[in-house]
Amino acid sequence: MGGCSCGWWLTLLETGRPPSDAVVAAMRGLVGAGHFPVLATGRTLVGGIQAAQWLGLRGAFLVTSNGAITARIAGGKVTIIERSSVDVEKVARYVAPKMRLRMAAEIPGHGYRVSARFQAHELSGVLQPSNLEGLWAAATPRLSLAGSGAGWLVDDLRKMGMSAHCPHSEWVDVMDGKVSKSAALERVRVALGIPSARTVAVGDGTNDVDMLRWAARGVAMGHASASVREAANEVTGTIAEDGAVWALRSVIGR
């Protein structure tokens, strides 16, 4: 794929760990060739900024919180361009009588307001204890529900008009119903003036399916589930095999 294209890359590093030297070098080569990488992730804005720093991206768009926040890094500053809000009160009042779940309302660029204790590896940023009403005291792009049986709520939440992603049976991320990675990325694509035919996406989770289908070229990581691989045009190696390196290099033909 020659010329100038737009790459949307998700699975470049494991949570909490910096990327490999090979991934960083491949990203540097992509940027040097005139391409426009955008980090699209389920991580918070805090996590997205850290990933961008590890990857050496000093000027880039970030789509975080599963598409609820779009930001840009430029000149050492991070600017939130677009942010959606989920109706936390509606979700919390529906869930609380049914299940004893821990809840975390994201505070962009800072951390979370939490209804119960979370482990350090579960959430990033500063965690502020809160009662139930405090969770919706301020607008939030995402509400995370954690605990036994949380996954059973996905269908109900979607019927309520929410966007819900379930990375595993005891965790659900809830956003406004109009939120998705693909919708956010489409707006970035238009802003950059990149032809839709020159878009590339790499992902490994169920929250990447819409993104992989949106891109002209969708690449699933080798460790992704069958449903994710089926949504892609191609499959690369696993994250342990630095599969993203092949995808990055293939964009610039080396």
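This is a predicted model, so every value here is computed, not measured.
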What are the two closest non-hydrogen atoms of [X] and [Y], and how far apart are they?
X: S84; Y: V179; result: OG-CG2, 3.0 Å
X: D204; Y: A224; result: O-CB, 3.5 Å
X: L45; Y: S65; result: N-OG, 4.5 Å
X: L30; Y: P37; result: CD2-CB, 4.0 Å
X: G47; Y: S124; result: N-OG, 4.4 Å
X: A22; Y: D242; result: CB-OD2, 3.7 Å

Nearest-0.5 Å distance that lies between atom [atom1] in [X] and atom [atom2] in [Y]:
X: L39; Y: Q50; atom1: CG; atom2: CD; result: 12.0 Å
X: L143; Y: K90; atom1: CG; atom2: NZ; result: 13.5 Å
X: I69; Y: R43; atom1: CD1; atom2: CZ; result: 15.0 Å
X: R93; Y: E133; atom1: CZ; atom2: CD; result: 6.0 Å

For residues 48-76, which residue pairs qualify under salt bridge (charged side-chain N to carboxylate O under 4.0 Å, His left out), counting only residues two or more places apart or in two chains? none
Suppose the criterion is salt bridge (charged side-chain N to carboxylate O under 4.0 Å, His left out): which pairs have a residue in residues 99-121, not counting sequence neighbours? R102-E122, E106-R142
Please check: side-chain N/O of [X] versus main-chain N/O of [Y], any donor-acceptor pairing under 3.5 Å?
X: E241; Y: T238; result: yes
X: T236; Y: G243; result: yes
X: D210; Y: S182; result: yes
X: S115; Y: L132; result: no

Over 12 foreign heavy atoms within 6.0 Å of NZ, K178: no
Residue D21 excluded, over 12 heavy atoms near CG under 6.0 Å: no
[Y] reachable from [X] in the ILVMFWY side-chain graph, under 4.5 Å edges:
X: V126; Y: L123; value: no
X: V200; Y: L57; value: yes
X: V202; Y: W246; value: yes
X: V114; Y: L101; value: no
X: L135; Y: M175; value: no

Is any side-chain heavy atom of [Y] closer than 4.5 Å to one of [X]?
X: V24; Y: W54; result: no
X: F61; Y: R189; result: no
X: P108; Y: P141; result: yes
X: V86; Y: M162; result: yes
X: F36; Y: V31; result: no
X: I107; Y: T140; result: no
X: D156; Y: Y94; result: yes
X: T44; Y: Y112; result: yes

Partners meeting salt bridge (charged side-chain N to carboxylate O under 4.0 Å, His left out) with R187 (sequence neighbours left out): E82
Verdict with supporting geometry, K181 and D208, salt bridge (charged side-chain N to carboxylate O under 4.0 Å, His left out): CA-CA 7 Å; K181 288 183 180 179; D208 298 323; 2.5 Å; yes
Cut-off 3.5 Å, side chains only: do T64 and T41 have a donor facing an acceptor? no
Side chains of H110 and Q128: is there a donor and an acceptor less than 3.5 Å apart? yes
